[in-house]
Protein chains: 2
Amino acid sequence: MATKGEITKEKILAKAESLILQKGYAGMTLDELLEETGLTKGAFFHHFKGKAGLAKSVLERYASNDYELFKNYSDQADRLSDDPLERVLIFIKLFEEFLNGLENPFPGCIFSSYSYEVRNFEPEIGDYIKENLNAWLDLYENKLGALIKARPPALPVTARELSEMIGSIIEGSFVMTLAMKDKSWTQRQSAQYRHYIELLFRT
Amino acid sequence: MATKGEITKEKILAKAESLILQKGYAGMTLDELLEETGLTKGAFFHHFKGKAGLAKSVLERYASNDYELFKNYSDQADRLSDDPLERVLIFIKLFEEFLNGLENPFPGCIFSSYSYEVRNFEPEIGDYIKENLNAWLDLYENKLGALIKARPPALPVTARELSEMIGSIIEGSFVMTLAMKDKSWTQRQSAQYRHYIELLFRT
DNA sequence: TATAAAACATACCAAATGGTCTGTGTCAAG
DNA sequence: CTTGACACAGACCATTTGGTATGTTTTATA
């Protein structure tokens, strides 16, 4: 059962993530955060070890939710097909459908946001981001490795390179979504990546 | 001839860009900026209309330098080959070589940094970023359009989609370069994009 | 060389900001 | 019913931060 404190803490974390994605960590003030949540200083400092502690908690929560989402789609793809190529394509397509189902555009990635103000954080925060990005890329790399093992690609590419590519495309698309105010951007570019994979492996 | 004031102004702008890319606009304080440049409040407020004015000047300077760089490579590619496919590939490769020639890794993109704290800026800043990103993508789109006109792609893709893709890959690679502390990331992913183009058009 | 404008320096200020301290209500266990 | 830990509220504080006011030096130009 979620205690009253857990609910309050989650409300703070969700609002903080939203504010950080729109103003950055340094740009988000505690007063604004507390005003928008309807809470006070007392509540905040009871649950978090200062602003830096909040940043860490926001990051951990985001990393956990993010990994769970992709891990879910990865497993689902494996259940939906036995073909290594189809598994990769479905994995990617599931995320596209997820984006398409959102009423509001994806608000951005905490990993990216933190990375663009890395000097505001302790080095361990950067290490944590790196670890979690690697775990995310590993999900793609595993499937791409199986695919390469099953069929020779049309060009000499590694599973790592291809996993880094979809990671770059997604992160870059989030930036472009924000900058261009075009919420279908990520979906469109993810589809381009699927084209590339098909050309590489659909002999 | 550059006046003394122009030199000072440029020094402030360069240092501000560097600090913004590491701490964000909100995270960069004027005191820190002035300490690192060895100047004082008087010098700063003589040259800039407050912190917001500095942000706008940093953005305009970055946009100008950025466009000039890519415009240069675009023209150079046209001079080096008559073949539409080669022109695209050379254009991309020239930027890869530029990145490879840097001793320090590329410090990031001001457009991205600003986009991840867009609510700290006036809306006109967002509009300006969008315009300049479009001008950048247009350089790619022109070449890709000529290529598609000359040869049918293996899959039905538009010049716009393909230009958005290289844009996404570059922006995403900058993020990953920062997050993973891997300065060869952008180069590697740019090469993957060239592979995709080759598969699409090298019949 | 006189002079005005440009290019700074420095002391100062009001507001914002992260954080502390003390107090209060609530709720479950003894 | 008591008590003590949890979950807040709200006043208060020290520092930081963007910005101003005023004064001084340098530079271009007539």
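In the text below, chain A, chain B and the rest are named by the order of the sequence lines, each starting its count at 1.
- Figure legend: A:Lys183 and A:Phe106 shown without cation-pi pairing, the cationic atom not lying both under 6.0 angstrom from the six-membered ring centre and within 45 degrees of its axis.
- Electrostatic pairing of B:Arg160 and B:Glu164 counts as a salt bridge here, judged by a charged N lying under 4.0 Å from a carboxylate O.
- Under the side chain to side chain contact (heavy atoms under 4.5 Å, CB included) criterion, B:Asn72 pairs with no residue, sequence neighbours left out.
- One atom, CD of A:Glu10, and another, P of D:dA7, lie 15 Å apart when rounded to the nearest Å.
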What pairs of nitrogen or oxygen atoms, one from the protein and one from nucleotides 19-22 of chain C, lie under 3.5 Å apart?
unit_1 : atom_1 : unit_2  : atom_2 : d
C:dG19 : OP2    : A:Lys51 : N      : 2.8
C:dG19 : N7     : A:Lys41 : NZ     : 3.2
C:dG19 : O6     : A:Lys41 : NZ     : 2.6

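- As a whole-Å value, the separation of B:Asn120 CG from C:dA16 P is 16 Å.
- Between B:Lys23 and B:Glu17 there is no salt bridge, since no side-chain nitrogen of the basic residue lies less than 4.0 Å from a carboxylate oxygen of the acidic one.
- Here the P atom of nucleotide D:dG19 and the NE2 atom of B:His46 are 17 Å apart, to the nearest Å.
- Note on the helix from C:dT1-D:dA30 to C:dG30-D:dC1: terminal axis deviation equals 10°, with five pairs used at each end and the result rounded to 10°.
- Side-chain N/O atoms of A:Thr8 include none lying less than 4.0 angstrom from OP1 or OP2 on D:dA7.
- Among the heavy atoms of the strands lying under 4.0 Å from B:Thr40 is at least one base atom, whether or not backbone atoms are also near.
- With sequence neighbours excluded, the residues satisfying side chain to side chain contact (heavy atoms under 4.5 Å, CB included) with A:Lys71 are A:Tyr67, A:Asp75, A:Leu139.
- Note: NZ (B:Lys9) to P (C:dC8) measures 12 Å, nearest angstrom.
- For B:Ala191, the side chain to side chain contact (heavy atoms under 4.5 Å, CB included) partners two or more places apart in sequence, or in a different chain, are B:Glu96, B:Arg194.
- Which of D:dG18, C:dC8, D:dA9 sits closest to the side chain of B:Leu39 comes down to C:dC8.
- Atom CD in A:Glu35 sits roughly 14 Å away from atom C1' in C:dT17 (whole-Å rounding).
- Checked against side chain to side chain contact (heavy atoms under 4.5 Å, CB included), B:Glu60 has the following partners two or more places apart in sequence or in another chain: B:Lys56, B:Tyr128.
- Counting to the nearest Å, the C1' atom of C:dT17 and the OH atom of A:Tyr25 are 12 Å from each other.
- At least one donor-acceptor pair under 3.5 Å links the side chain of A:Glu117 to the backbone N or O of A:Ala26.
- The nearest whole Å value for the distance from the CD1 atom in A:Ile7 to the C1' atom in D:dC6 is 14 Å.
- Side-chain atoms of A:Tyr116 and B:Gln22 include no donor-acceptor pair closer than 3.5 Å.
- In this structure, CD1 of A:Ile12 is placed 14 Å from P of C:dG18, rounded to the nearest angstrom.
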